[in-house]
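Predicted model, so just to flag it, every value in this text is computed and none were measured. Whatever order the structure lists ligands and atoms in, that order sets their numbers, starting from 1. For reference, positions follow the sequence shown, starting with 1.
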Amino acid sequence: ERVLAVDIGGTKIAFAEVAGAKLENRRQIPTPRSGGDALVEAIAAEVRGARPSRLAVATTGIVSDGGTLTALNPRTLPIENGYPLASRLQASIGVRPLVVNDAQAAAWGEYAFGAGQGSRNFMFVTVSTGIGGGLVLAGRLQSGQAGLAGHVGHMSVSGADAPCGCGRRGCLETVASGTAIAARFGERVGRTVTAKDVFAEAAAGNAEAEVMLEDAAAALAETFANLVAATDLDRIALGGGVGLASGVLDRVLRHADSLPAAFRRQIVQARAGADAGLIGVADLAMKKNF
Ligand code: ADP
Ligand code: BMX
Ligand code: ZN
């Protein structure tokens, strides 16, 4: 049986028909950034006509109560508090979807089919529009009692103090997300840039851009060490548009190498690349009876 999987990020929505770890007909559209109904409309427009037998949705934001969505950092994607995503999709498409946080879904995808195979206590971290994370501990995906488990982008890092859209200050996401890298560099040079531009500038020898990328890598390595201290993880996989960008894993590894041995663990690239969320949420939907 195939599942129609959807992955809603702050920048793009990806779609594919998924069987196991195989994807067919993968396509993506820019994420409409104007609230929950706009997300539902965009997804309904994409699946129009072909009503899927199963629908699996990974999405940025906190998912609770079987499909209610709330932004933790509305700057990464504005969503009304408690938006009933599962029921609105059901009303519009005719199938009750499974809805799971994007990074939690990707953690499951990597654990079951990718870089997390053979790991017992595993974490996936996406560095993308925001920074998300998913924990698989003792073989079980953790969502927590309110859906917040794994939201590592909102752990504070040393030396950072910028206000975060979640209401805290100095969050990892304010230093190392694609949004943050672009905004911090843009501020220094006085123009609007994308995260991709910052990577290009750093590769061309721009010292300011280099500092941004080094700050981001140091903050990621520090957070990983904190998570190792909390959970004794054995492996961390890095994904997301920024996490998969050239040189990022090596930069993080360089910082992680200088940690005391007790905190050093395997840090690897996500094997399913940008598709981990699609694969993971489809697998979860196959396991549940909807
Ligand atoms: P989403 O957050 O919607 O899941 P992505 O994983 O593509 O989407 O992350 C989007 C962020 O990643 C943006 O900040 C974008 O500028 C940045 N990005 C995407 N591709 C690259 C790349 N090749 N190099 C650097 N940054 C990238
Ligand atoms: C934010 C938060 C997380 C999400 C992470 C990565 C919102 C809307 N999202 O920290 O739930 O997992 O971003 O999201 O508060 P992405 O869009 O970068 O993939
Ligand atoms: Zn935050």
Side-chain angles (χ1 to χ4, degrees), residues 6-14 28-33 35-36 39 58-64 69-81 83 85 99-107 124-135 143-144 146-157 160-186 192-203 209 212-213 216 219 223 238-248 251 270 272-278:
V6 182
D7 187 352
I8 308 171
T11 300
K12 52 130 206 314
I13 305 180
Q28 69 182 51
I29 58 173
T31 306
R33 299 179 51 84
L39 298 174
T59 179
T60 183
I62 301 167
V63 178
S64 56
L69 188 58
T70 298
L72 178 57
N73 179 0
R75 291 178 200 162
T76 59
L77 185 63
I79 307 157
E80 303 84 337
N81 281 337
Y83 182 79
L85 183 65
V99 180
V100 179
N101 167 267
D102 58 353
Q104 291 171 6
F124 167 86
V125 174
T126 174
V127 185
S128 34
T129 312
I131 294 179
L135 287 159
S143 55
L148 192 64
H151 274 80
V152 300
H154 305 280
M155 295 173 72
S156 43
V157 295
D161 190 45
C164 179
C166 75
R168 301 185 72 194
R169 304 185 74 94
C171 289
L172 174 65
E173 199 167 276
T174 68
V175 178
S177 67
T179 309
I181 290 169
R184 294 179 78 218
F185 183 75
T192 305
V193 299
T194 67
K196 246 185 214 176
D197 297 333
V198 183
F199 279 83
E201 294 277 1
M212 299 294 95
L213 299 189
T223 302
L238 197 55
V242 173
L244 295 167
S246 110
V248 171
R251 284 182 195 270
D275 299 329
L278 293 168

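- Only side-chain heavy atoms of N101 come within less than 4.0 Å of ligand 2; its backbone N, CA, C and O stay farther off.
- Atom 7 (C) of ligand 2 has its closest protein heavy atom at T76 OG1, 3.3 Å.
- Side-chain atoms of R33 never come within 3.5 Å of backbone atoms of P78 as a donor-acceptor pair (strictly under, hydrogens ignored).
- Heavy-atom proximity to H151, at under 4.0 Å, picks out these atoms of ligand 2: 3 (C), 11 (O).
- The residue among L244, T179, V242, I13 with a heavy atom at the shortest distance from atom 17 (C) of ligand 1 is V242.
- Between the CD atom in E80 and the CG atom in L69 there is a gap of 9.0 Å [rounded to 0.5 Å].
- Taking a cut-off of under 4.0 Å to the non-hydrogen atoms of G10, the atoms of ligand 2 that pass are 17 (O).
- A donor-acceptor distance shorter than 3.5 angstrom exists from the side chain of R168 to the backbone of H154, with no hydrogens or angles considered.
- Regarding atom 19 (O) of ligand 2, its nearest protein heavy-atom neighbour is D102 OD2, 2.9 Å.
- Geometrically, ligand 2 and T70 share no nitrogen or oxygen pair separated by less than 3.5 Å.
- The nearest protein atom to atom 13 (C) of ligand 1, hydrogens excluded, is given as T11 OG1, 4.3 Å; this is a heavy-atom distance.
- Protein heavy atom closest to atom 16 (O) of ligand 1, with residue, atom name and distance, is A195 CB, 3.5 Å.
- Heavy atoms of L72 found under 4.0 angstrom from ligand 2 belong to the backbone as well as the side chain.
- The nearest heavy-atom contact from the protein to atom 25 (C) of ligand 1 is F199 CD1, 3.5 Å.
- For ligand 2, the polar-atom distance check against A103 finds no nitrogen or oxygen pair separated by under 3.5 Å.
- Angle SG(C164) to the Zn ion (ligand 3) to SG(C171), rounded to 10°: 110°.
- One N or O on the side chain of T179 and one on the backbone of T129 form a donor-acceptor pair closer than 3.5 Å.
- For atom 22 (C) of ligand 1, the closest non-hydrogen atom on the protein side is K196 CG, 3.5 Å.
- Close approach of ligand 2 to G132 is summarised as follows: ligand atoms under 4.0 Å from at least one heavy atom of the residue are 5 (C), 6 (C), 12 (O).
- Contacts of A245 with ligand 1, taken as heavy-atom pairs under 4.0 Å, involve the side chain alone.
- Under 4.0 angstrom from ligand 2, the non-hydrogen atoms of T129 come from both its backbone and its side chain.
- Residue T11 has no N or O atom closer than 3.5 Å to an N or O atom of ligand 2.
- Annotation: atom 2 (O) of ligand 1 to nearest protein heavy atom, T129 OG1, 2.4 Å.
- Closest to the Zn ion (ligand 3) among the N, O or S atoms of H154 is ND1.
- For the pair G153 and ligand 2, no heavy-atom separation below 4.0 Å is found.
- In terms of protein heavy-atom proximity, atom 4 (O) of ligand 1 is nearest to K12 NZ, 3.4 Å.
- Heavy atoms of T31 stay at 4.0 angstrom or farther from ligand 1.
- Within the structure, the closest approach of H154 to ligand 2 falls below 4.0 Å when heavy atoms are considered.
- Each of the atoms 17 (O) of ligand 2 lies under 4.0 Å from some heavy atom of G9.
- The nearest non-hydrogen atom to atom 27 (C) of ligand 1, considering only S128, G178, G241, comes from G241.
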